[in-house]
Each structure stands twice: as C-alpha cells, then as structure tokens.
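All heavy atoms count here, side chains included; hydrogens, waters and symmetry mates do not.
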Amino acid sequence: MKIIIKSLLTGLAIVLPLIITIELLRWLLLTVETGLAPLLQLVLPGSWYWPGMAILAFMLLCIVIGYSTRWSGFNWLWQLPGKIMLKLPGTSQIYGMLQDIIDLMAGKNFADGSVVMVKLPGTEIELIGIITKQGGQADDRMSSLMQDEQLAVFIPMAYNVGGYTIIVPRSCTRNIDMKPAEALQLTLSAGLGSKAVSKVK
C-alpha cells in the first residue's frame, strides 16, 4: 500500500506542474486571441487573417511598448493607466498586488549586488536575502527608521510569493555573486529550481 501511495505522489509531482503550466498558457493564449482577433478582423481583409495572428500582434505590441519606455514621455504615458487603476476603489488592491508580484518575481526593484547571506545571531544558520534599503538615506521613510550601519533585507519564502523584511547590522551580512531575480527563483523553489552554484564575494 505504501509503495502505491508513494508512486501516486511521485506521479502527481510530475504531472500536476505540467498540467497547470499548460492550462495557464492555454488560458492566456485563448484570452489574447479571442480579445484581439475581432479587432484585427475589422482592420484586415478576411482572407488575410489567420489563427494565431492576434497572439503575434500582442507580442509585437508588448515589444513596442517596452522599447518605447526608453523615452520619458512614452514611459509616463504607459504608466498613466496603472496610476489610475491604483486610485480606483476595488481595483487598486488587485492591480497593486499583481504589479508587486510581477515586479518581485522579475527582481525589478532590486539593485545588482544586493543579494546577501544573512547570519542568524548565535547560530551557524544563514538565510539568502536581498537588500532593499540602507540606513542613512535622505528622504526615505524606511531608511529614516534605521541606523547608518543597518540594512533592510527582504527574506523570500520557499513556495510562497512573500517573505519578511528584516533590519540587520551590515556586519551580519555577506554579499554573494547572484542576480536578485536568480536569488528569488532559487529561494522560492527551495533550491530545487537551479543547479548553478554562485560564487561568494
């Protein structure tokens, strides 16, 4: 009986991530296709349109928008809808949460060289963290709560989009040669998602 249960759990661990990933991709592609296809069919002659063109148009649009953010005027324009969403009751929480999750997973707001090992006092245990703020920075609310030699470090949690922000002395940290996005992926997967070994600075 034990071997059957163990085999079932092993099989689920292999099959479920595949099914969930495929279903999420299918949902995304169908949403884009069904949303943009009518617009393309209005612009293009009927014989010119073929299934999948809406997805390609969506990807091209994202590339154009992403590239145009290099100029401040366009960057302000594309950020305007998000700023409006953040001010609307009911949508601000949902939009803000999704934006934070995407930015977090991408390591967008973390600077290079900010990944550290944080040693717990009185132990040999270390945690992977990402420096978010340093003490002594002017006009910063988080920094104003800290002493000059203190750091605010985000500690991500495995298999959970979240974590803890802790304030520690700089002496309790040591830098490691790892990109913030890589550190997030590594810790969120409990180290199972990457075989690369980073060098300690």
Side-chain angles (χ1 to χ4, degrees), residues 9 13-14 16-18 20-21 24-25 28 62-63 65-72 74-76 78-79 82-83 85-86 92-201:
L9 294 176
I14 295 173
L16 284 181
L18 292 173
I20 293 172
T21 302
L24 285 174
L25 289 175
L28 178 61
C62 289
I63 292 172
I65 292 175
Y67 187 80
S68 66
T69 58
R70 295 157 59 95
W71 294 278
S72 58
F74 283 104
N75 189 36
W76 177 87
W78 299 129
Q79 290 184 4
K83 292 179 179 179
M85 294 284 285
L86 289 173
S92 60
Q93 293 82 2
I94 299 174
Y95 178 81
M97 180 182 67
L98 292 174
Q99 188 179 49
D100 289 342
I101 290 174
I102 293 173
D103 289 347
L104 176 65
M105 295 301 296
K108 181 179 178 181
N109 296 322
F110 298 122
D112 290 343
S114 60
V115 181
V116 294
M117 284 288 192
V118 181
K119 187 171 184 177
L120 299 183
T123 71
E124 296 300 320
I125 298 174
E126 291 183 311
L127 303 173
I128 296 178
I130 304 172
I131 298 173
T132 59
K133 297 289 181 181
Q134 301 185 27
Q137 294 179 344
D139 302 325
D140 185 89
R141 187 175 182 183
M142 173 67 82
S143 183
S144 66
L145 301 175
M146 302 155 50
Q147 299 176 8
D148 290 349
E149 291 302 314
Q150 287 185 318
L151 301 172
V153 182
F154 174 69
I155 306 293
M157 298 172 61
Y159 298 106
N160 187 16
V161 182
Y164 300 96
T165 300
I166 59 175
I167 310 298
V168 297
R170 189 183 298 272
S171 59
C172 289
T173 67
R174 61 184 177 94
N175 292 86
I176 55 177
D177 187 11
M178 185 182 295
K179 297 290 186 181
E182 181 187 356
L184 287 170
Q185 294 171 6
L186 186 67
T187 52
L188 289 174
S189 64
L192 299 175
S194 175
K195 296 182 180 179
V197 178
S198 297
K199 299 178 182 178
V200 178
K201 287 184 177 180

Review point. Does Gln150 have any side-chain hydrogen bond (donor to acceptor under 3.5 Å, both in side chains) partners at least two apart in sequence or in another chain, and if so, which?
Key: none

Point to revise | side-chain hydrogen bond (donor to acceptor under 3.5 Å, both in side chains) partners of Ser68, counting only residues at least two apart | key: Trp78

Revision key, fill the gap. Of all heavy-atom pairs linking Lys133 and Met146, the shortest is O-CE, 3.8 Å

Practice item. Supply the atom-to-atom distance Met178 CE to Ser114 OG, rounded to the nearest 0.5 angstrom. Key: 11.5 Å

Check your understanding: Could you state the interatomic distance from CD1 (Ile167) to CD (Gln147), rounded to the nearest 0.5 Å?
Key -> 10.5 Å

Check your understanding: Below 4.5 Å, heavy atoms only, C-beta onward: do Leu24 and Leu28 meet side chain to side chain?
Key -> no

**Study point:** Nearest atoms (heavy-atom pairs only) where Ile176 meets Met117
**Key:** CG2-CG, 3.8 Å

Exercise for review: Answer whether the closest heavy-atom distance between the side chains of Val153 and Val116 falls below 4.5 Å.
Suggested key: yes

Point to revise | Donor-acceptor pair, side chain of Thr132 and main chain of Ala152, under 3.5 angstrom | key: yes

Review point. What are the two closest heavy atoms between Pro156 and Gly129, and how far apart are they?
Key: CD-CA, 4.5 Å

Point to revise | Val168/Thr173 under side-chain contact (heavy atoms from CB on, under 4.5 Å): CA gap, chis, key distance, verdict | key: CA-CA 8 Å; Val168 297; Thr173 67; 3.8 Å; yes

Check your understanding: Applying side chain to side chain donor-acceptor pair (under 3.5 Å), which residue pairs with at least one partner in residues 115-125 are found, sequence neighbours left out?
Key -> none

**Study point:** side-chain hydrogen bond (donor to acceptor under 3.5 Å, both in side chains) partners of Glu126, counting only residues at least two apart
**Key:** Arg174

Practice item. Would you mind telling me which of Leu151, Ile166, Ile125, Ile131 makes a side-chain contact (heavy atoms from CB on, under 4.5 Å) with Val118? Key: Ile166

